[in-house]
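Following this message is one structure expressed as structure tokens.
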There are 2 protein chains.
Amino acid sequence: MGRPAQIDRAAVVAAAMAVADEHGLAALTMPAVAGRLGVTAMALYRHVANKEDLLDALVEALLPAPPPDTAALPWRQRLEALAGAVRDSAARHPAVFPLLLQRPAATERARRARDGVVSALREAGLGPEAAARAERLISTAVLGFAASEAAGRFAHHDQRVRDEDFACLLEAIGSLLPPA
Amino acid sequence: MGRPAQIDRAAVVAAAMAVADEHGLAALTMPAVAGRLGVTAMALYRHVANKEDLLDALVEALLPAPPPDTAALPWRQRLEALAGAVRDSAARHPAVFPLLLQRPAATERARRARDGVVSALREAGLGPEAAARAERLISTAVLGFAASEAAGRFAHHDQRVRDEDFACLLEAIGSLLPPA
DNA sequence: ACCTGAACACCGTTCAAGT
DNA sequence: ACCTGAACACCGTTCAAGT
């Protein structure tokens with residue numbers, strides 16, 4: 001019958017992110033998302049399987065695509081750019097970001113981000129096992145810092161202090177790797 | 001009228017933890033908690049302000065009291081014991097633990113744990129500012145690792161690999177501090 | 001003082017029915 | 001194909017009423 005679709009999955013995910021950004025995770029309900037799209041809650045179920053699926057899509061959207069203009073940089077700067085992109089994503093979506101540590105994303109995009117880190121570490125001279133382990137620990141530290149900041153765990157410190165904290169974290173990570 | 005209380009706040013929190021441990025965070029409802037105590041959901045509201053308050057109490061309960069028999073140990077072992085206690089707490093309550101990074105605990109107990117780390121770092125020779133900063137970064141890394149493990153972000157690696165990851169993390173932290 | 005029954009607003013979800 | 005109305009089970013919460 002080819003009725004033209006009023007919404008699609010991307011629009012649902014974007015609307016959900018906007019609701020969460022503006023009113024917090026507790027306000028992220030199916031009616032609220034639908035309302036923002038000018039549609040009833042039931043219409044969403046043609047585009048997402050259920051609310052869990054929608055939350056997973058949000059988490060997926062939090063992972064920054066690797067900034068493409070950094071592809072040619074030396075590994076150290078590439079890692080720093082990626083870490084900065086993660087932190088920026090948390091700053092943009094503070095209400096949703098903590099979900100990233102709660103529902104591990106096992107998606108294509110997540111794998112790609114991981115591979116980017118691992119290959120930078122291999123360039124740094126680590127063996128395959130060591131690089132995989134270092135990726136886990138570095139990602140955990142960066143994700144943990146970004147989630148903490150987003151959740152307001154450092155809220156009593158101002159931006160400058162937190163920037164220095166983050167620089168310190170990057171330096172600590174860097175000191176574990178070969179110089180270059 | 002002094003009717004003897006059937007339940008108290010501690011019992012409510014303990015029941016909530018048990019429900020979450022056994023059936024997951026999604027199953028943590030007021031009726032479920034009440035049911036486990038042989039009481040109706042409305043009875044809970046005399047002991048917790050609301051569900052948010054109950055979740056905050058759960059988060060509080062996740063923070064390990066510093067293992068008392070380690071008080072006399074040198075600072076390095078004390079830090080390691082505390083980190084291990086955090087990881088153990090996450091292993092005991094994997095469903096609830098990720099909330100710790102989502103709702104920062106600003107309680108007495110949280111402050112005490114923080115102070116324990118800071119004073120160990122001061123013993124290590126750091127100045128007040130450096131110790132405070134190192135505490136933030138170390139806590140973030142340890143909490144992030146424990147939350148990741150609890151949420152299953154490393155689920156495809158077995159226990160032994162994760163133990164080595166954790167040992168690696170501790171070593172990385174230790175290498176940032178003076179030897180001792 | 002502490003608990004319960006009844007009640008309300010609300011949410012996630014299904015399904016048949018409309019276009 | 002896509003959306004809506006009606007409906008269901010369920011949840012958080014309040015409040016008057018019981019003991």
Side-chain angles (χ1 to χ4, degrees), chain A residues 1-61 93 95-96 98-99 102-103 105, chain B residues 1-62 93 95-96 98-99 102-103 105 151:
Chain A
M1 297 273 100
R3 184 176 175 183
Q6 300 179 32
I7 58 178
D8 60 6
R9 187 176 226 267
V12 172
V13 174
M17 190 72 89
V19 169
D21 286 345
E22 288 174 26
H23 304 107
L25 209 53
L28 181 59
T29 69
M30 300 303 260
V33 174
R36 176 173 278 262
L37 294 168
V39 113
T40 68
M42 298 79 83
L44 302 179
Y45 288 88
R46 192 149 305 267
H47 305 282
V48 296
N50 47 39
K51 192 177 180 180
E52 293 276 296
D53 181 33
L54 177 54
L55 290 177
D56 283 334
L58 284 181
V59 167
E60 166 88 12
H93 309 293
V96 185
L99 291 185
Q102 208 161 346
R103 14 182 90 233
Chain B
M1 293 272 99
R3 185 176 174 184
Q6 300 177 34
I7 59 177
D8 59 6
R9 187 176 226 267
V12 172
V13 174
M17 190 71 91
V19 169
D21 286 346
E22 289 175 25
H23 304 107
L25 208 53
L28 181 59
T29 69
M30 301 302 260
V33 173
R36 176 173 279 261
L37 294 168
V39 112
T40 67
M42 298 80 83
L44 303 180
Y45 288 88
R46 191 149 304 268
H47 306 283
V48 294
N50 47 37
K51 194 177 177 181
E52 293 277 295
D53 181 35
L54 177 54
L55 290 177
D56 283 336
L58 284 182
V59 167
E60 166 89 11
L62 288 177
H93 308 294
V96 186
L99 290 185
Q102 208 161 345
R103 14 182 92 233

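Only a predicted model underlies this, so the values are computations on that prediction, with no experimental measurement involved. In what follows, every chain begins at residue 1, and chains take the letters A, B, ... in the order their sequences are listed.
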(Q) Counting only side-chain heavy atoms from C-beta out, which of D:dT13, C:dG5, C:dT13 sits nearest to A:Met42? (A)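 Between D:dT13, C:dG5, C:dT13, the one nearest the side chain of A:Met42 would be C:dT13.
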Q | Watson-Crick and G-U pairing of DNA chain D, under 3.5 Å, as dot-bracket with | and [ ] | A | ||.|||||...|||||.||
List the atom pairs, with distances to 0.1 Å, where a side-chain N or O of residues 15-34 of chain A and a protein N or O form a donor-acceptor pair under 3.5 Å, not counting sequence neighbours.
| unit_1 | atom_1 | unit_2 | atom_2 | d |
| --- | --- | --- | --- | --- |
| A:Asp21 | OD1 | A:His93 | ND1 | 3.1 |
| A:Asp21 | OD2 | A:His93 | ND1 | 2.9 |
| A:Glu22 | OE1 | A:Arg36 | NH2 | 2.8 |
| A:Glu22 | OE2 | A:Arg36 | NH2 | 3.0 |
| A:Thr29 | OG1 | A:Ala32 | N | 3.1 |

Q. OH of B:Tyr45 versus C1' of D:dA16: gap in Å, rounded?
A.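 Atom-to-atom, B:Tyr45 to D:dA16, this comes out as 17 Å.
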Q) The side chain of B:Lys51 lies closest to which of these nucleotides: C:dC11, D:dC3, D:dT13? A)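 Of the candidates, D:dT13 comes closest.
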Q: Any chance you could lay out the side-chain contact (heavy atoms from CB on, under 4.5 Å) test for B:Leu99 and A:Gln102, step after step, and finish with the verdict?
A: CA-CA 8 Å; B:Leu99 290 185; A:Gln102 208 161 346; 4.0 Å; yes
Q: State which of C:dC15, C:dT4, C:dG12 makes the closest approach to the side chain of B:Val39.
A: C:dT4
**Q.** Residue A:Pro31, side-chain atoms from C-beta onward, closest of C:dC3, C:dC11, D:dG12
**A.** C:dC11
Q: Look at the side chain of A:Ala5 and decide which nucleotide, out of D:dG12, C:dT13, D:dC2, has an atom nearest to it.
A: D:dC2
Q: Considering just the side-chain nitrogens and oxygens of A:His47, establish if one lies under 4.0 Å of OP1 or OP2 belonging to D:dC3.
A: yes
Q: Please determine, for the side chain of B:Arg46, which listed nucleotide (C:dC2, C:dT4, C:dC11) has the closest atom?
A: C:dC2
Q) B:Met30 has a side chain; which of C:dG12, D:dT4, D:dT13 sits nearest to it? A) D:dT13
(Q) Whole angstroms only, please: what is the CG-P distance between A:Asp53 and C:dG12? (A)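 Roughly 14 Å, once rounded to whole Å.
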